[in-house]
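Heavy-atom basis, side chains included; hydrogens, waters and symmetry copies ignored.
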Amino acid sequence: ERVDSILSQTTGGNASRAEISYEVNYGFAVAPGLSIKPFVEFISHPDQAAVPSPSGNNTHAMFVGVFLEWNLANMFGLPTLPR
C-alpha cells in the first residue's frame, strides 16, 4: 500500500504483485576451506517494498557479485563436528 501510494503521486502505476527472480551462481575452491562464488541475478517486476522512493519505471533489476566463503576448520585442519 505504501509503494502504491508513492507511485500514484510520482510516476504512476502500482506495485508489482508478480516479482520473478532468476539467479545463476557457481562456486570453486581456491584453497582448502576457501571458496569463491560469483553470481548474477535478474529480477523481473521488482516489488520495491524496501526502496525509499519507488518508481513505476523500474521494471527490471540486475545484480552481479561475488561471495567469499571460508571454513576455518578446513583452512586450519581443525576437527569438525559430526552431522
Holding to side chain to side chain contact (heavy atoms under 4.5 Å, CB included), I want the full list of residues that pass it with Val64, two or more places apart in sequence or in another chain.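 Partners of Val64 by the side chain to side chain contact (heavy atoms under 4.5 Å, CB included) criterion, ordered by chain and then number, come out as Val40.
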Let me check something: do Phe42 and Val24 share a hydrophobic cluster, defined by ILVMFWY side-chain heavy atoms less than 4.5 Å apart, either directly or through other members?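 Unlinked, Phe42 and Val24 end up in two clusters.
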Pairs in or reaching into residues 64-74: which pass side chain to side chain donor-acceptor pair (under 3.5 Å), with residues at least two apart or in two chains?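 Listed by first then second residue: Lys37-Glu69.
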Can you confirm whether Pro32 sits close enough to Met75 that some side-chain heavy atom of one is under 4.5 Å from a side-chain heavy atom of the other?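 No, too far: nothing below the 4.5 Å cut-off.
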For the atom pair [atom1] ([X]) and [atom2] ([Y]), what is the distance rounded to the nearest 0.5 Å?
{"X": "Ile36", "Y": "Tyr26", "atom1": "CD1", "atom2": "OH", "value": "12.5 Å"}
{"X": "Ile43", "Y": "Met62", "atom1": "CD1", "atom2": "CE", "value": "11.0 Å"}
{"X": "Phe63", "Y": "Glu23", "atom1": "CZ", "atom2": "CD", "value": "10.5 Å"}

If the condition is ring-ring contact (aromatic ring centres under 6.0 Å, His included), which residues does Phe39 pass it with, not counting sequence neighbours?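 Once residues adjacent in sequence are excluded, the partners of Phe39 under the ring-ring contact (aromatic ring centres under 6.0 Å, His included) criterion are Phe67.
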Heavy-atom pair of closest approach, residues Pro79 and Ala73: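 So the two residues come closest at O-CB, 4.4 Å.
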